[in-house]
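Here's the structure we're looking at; comments come further down.
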Amino acid sequence: MAITRNSKMKLRPRNQPPRVSRAKPMKKKAIPTIVTGETLPLFSRLKDFGKNLLCNFPGTAFFTSIVVNVLGAYLSKAVTEAIKLGNQNPLRKKAVKLDENQYWRIQFCCGPKCQCSSECSLKGLDEIDKDHNKKFEVYREEEKMGFCVSTKKYIAKGTPVMSFNGEIVGKRALEKGSDAEQYSLKLIDQDQALIEFLKTANFLAKNLLRPLATAFDRVVFINPLKYGNVGRFLSHSCRPNLEMMRIFQGGVSPGHMRIVFIANCNIKAGENLSFDYG
Ligand SMILES: C[S@@+](CC[C@H](N)C(=O)[O-])C[C@H]1O[C@@H](n2cnc3c(N)ncnc32)[C@H](O)[C@@H]1O
């Protein structure tokens with residue numbers, strides 16, 4: 001609508017400041033920071049061809065790919081608080097000096113915020129969330145078994161192969177018999193050894209010890225159903241080629257803790273990747 005001099009609409013004089021609304025500002029909802037990752041194609045090779053169509057895939061095949069764990073439901077206040085504090089107090093490389101005994105009690109790796117050089121020996125997880133499309137294939141040949149993961153490249157024994165990403169949740173988020181219960185892995189289980197370790201850690205600020213110790217005395221899971229990565233498709237084997245390990249990346253709060261799969265033998269290209277669910 002064109003505004004003319006005769007228009008009844010009142011115009012604000014130029015020298016008057018704009019009116020400020022008195023309405024209360026809406027409370028902003030806390031949105032989790034989600035760093036999305038690659039979405040791999042799923043190859044379905046079932047004999048029943050109709051089931052190979054994307055529209056007939058099970059609901060568990062669909063998720064948002066992430067490279068950093070996100071906060072999920074039913075987390076205790078202690079764990080949420082510890083994650084928050086951990087994010088506010090990043091450890092500096094200089095400060096993380098583990099003595100000989102400590103190396104056997106905690107696996108620690110640099111994170112993206114560490115200020116060390118590319119030659120740093122603690123950068124073992126740098127490549128873990130990259131190039132999944134070049135490294136892995138997700139496929140299914142049997143309906144019961146569902147989707148599995150194979151490696152496209154040779155993997156040497158001892159290599160960190162992939163992480164297991166998802167929502168960090170409390171036990172109540174995993175209903176008995178639900179998909180969430182089947183797919184989730186335990187991240188923290190009232191870890192007394194870890195708490196004892198933190199008490200001896202000279203790199204930890206004193207005010208962090210208590211909140212972290214309280215958080216590590218809880219039970220926490222990673223649920224990869226809604227947000228996850230290729231790790232959620234790994235199958236079970238009694239003779240697995242991957243071993244599960246918890247590694248702290250860039251800090252020592254539950255938010256820095258990652259589940260990582262390490263090759264426990266040399267793995268040829270084309271082999272199925274598995275770990276022992278037990
Ligand atoms: C964490 S999910 C693994 C991904 C799952 N295959 C999919 O398609 O989403 C665990 C489920 O995979 C299937 N599975 C994994 N390893 C298996 C195995 N060795 N034998 C039979 N089924 C297996 C079972 O149905 C199990 O409940």
Side-chain angles (χ1 to χ4, degrees), residues 36-70 72-74 128-129 132-133 135-152 155 160-189 219-247 257-265 267-268 270-278:
T36 51
E38 282 173 82
T39 305
L40 299 192
L42 307 183
F43 295 99
S44 184
R45 302 177 191 125
L46 300 182
K47 284 188 186 126
D48 181 349
F49 187 76
K51 290 189 174 164
N52 294 331
L53 301 173
L54 194 70
C55 57
N56 291 330
F57 281 10
T60 47
F62 303 100
F63 62 101
T64 303
S65 177
I66 50 166
V67 296
V68 178
N69 293 327
V70 294
Y74 296 110
I128 204 154
D129 291 304
H132 281 186
N133 227 335
K135 294 177 187 166
F136 310 117
E137 180 176 285
V138 182
Y139 68 97
R140 70 170 174 171
E141 280 160 359
E142 274 177 54
E143 196 173 8
K144 200 173 148 224
M145 182 95 165
F147 288 98
C148 307
V149 188
S150 64
T151 173
K152 290 183 180 175
I155 305 172
V161 179
M162 67 173 78
S163 56
F164 182 86
N165 300 343
E167 287 181 278
I168 307 174
V169 297
K171 203 175 174 188
R172 280 179 60 204
L174 314 178
E175 234 174 78
K176 227 173 182 232
S178 64
D179 284 336
E181 192 200 29
Q182 275 206 32
Y183 278 73
S184 297
L185 291 180
K186 207 179 259 179
L187 181 70
I188 298 171
D189 190 8
V219 179
V220 176
F221 290 82
I222 293 190
N223 175 5
L225 266 190
K226 198 166 149 202
Y227 298 103
N229 73 340
V230 66
R232 75 205 291 288
F233 290 121
L234 289 172
S235 36
H236 161 80
S237 172
C238 303
R239 294 183 61 205
N241 45 20
L242 301 179
E243 200 111 310
M244 204 170 87
M245 197 178 253
R246 292 180 313 173
I247 300 183
M257 205 181 211
R258 305 198 64 185
I259 291 179
V260 176
F261 295 101
I262 315 282
N264 65 9
C265 57
I267 308 172
K268 290 187 204 130
E271 270 187 53
N272 183 45
L273 298 174
S274 60
F275 71 104
D276 187 342
Y277 284 8

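Atoms within a ligand are numbered from 1 in the order they appear, just like the ligands themselves. For the numbers below, each heavy atom of this structure counts, side chains included, while hydrogens, waters and symmetry mates do not. Treat the numbers as computed from the prediction; the structure is a model and nothing was measured.
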What atoms of ligand 1 come closer than 4.0 angstrom to any heavy atom of [X]?
X: S235; result: 15 (C), 16 (N)
X: G146; result: 6 (N), 8 (O)
X: L234; result: 3 (C)
X: F147; result: 4 (C), 5 (C), 6 (N), 7 (C), 8 (O)

| request: Look at atom 6 (N) of ligand 1 and find which of K144, M145, Q182, E181 reaches it with the closest heavy atom. | output: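 When every heavy atom of K144, M145, Q182, E181 is considered, M145 comes closest to atom 6 (N) of ligand 1.
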
| request: Nearest heavy atom to atom 3 (C) of ligand 1 wins, so pick from F57, F164, Y277. | output: Y277

[atom] - nearest protein heavy atom and its distance:
atom: atom 19 (N) of ligand 1; result: H236 O, 2.9 Å
atom: atom 4 (C) of ligand 1; result: R232 O, 3.4 Å
atom: atom 9 (O) of ligand 1; result: Y183 OH, 2.5 Å

| said: Closer than 3.5 angstrom, by distance alone: can the side chain of N264 be matched with the main-chain N or O of P240 as a donor-acceptor pair? | reply: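 It does hold such a pair.
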
| Parallel under 30°, tilted from 30 to 60°, perpendicular over 60°: which one fits the rings of H236 and Y277? | perpendicular

| Parallel under 30°, tilted from 30 to 60°, perpendicular over 60°: which one fits the rings of F136 and H132? | perpendicular

| So, is the end of the R140 side chain (NZ or CZ) under 6.0 Å from the ring centre of F233 and within 45° of the ring's axis? | no

| Is any side-chain N of the basic residue among R258 and D129 closer than 4.0 Å to the acidic one's carboxylate O? | yes

| said: For K152, is there an ion pair with E137 - N to carboxylate O distance below 4.0 angstrom? | reply: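 Salt bridge flag = no for K152 with E137.
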
| remark: For N223 and V169 the tightest heavy-atom approach is CB-CG2, 4.0 Å

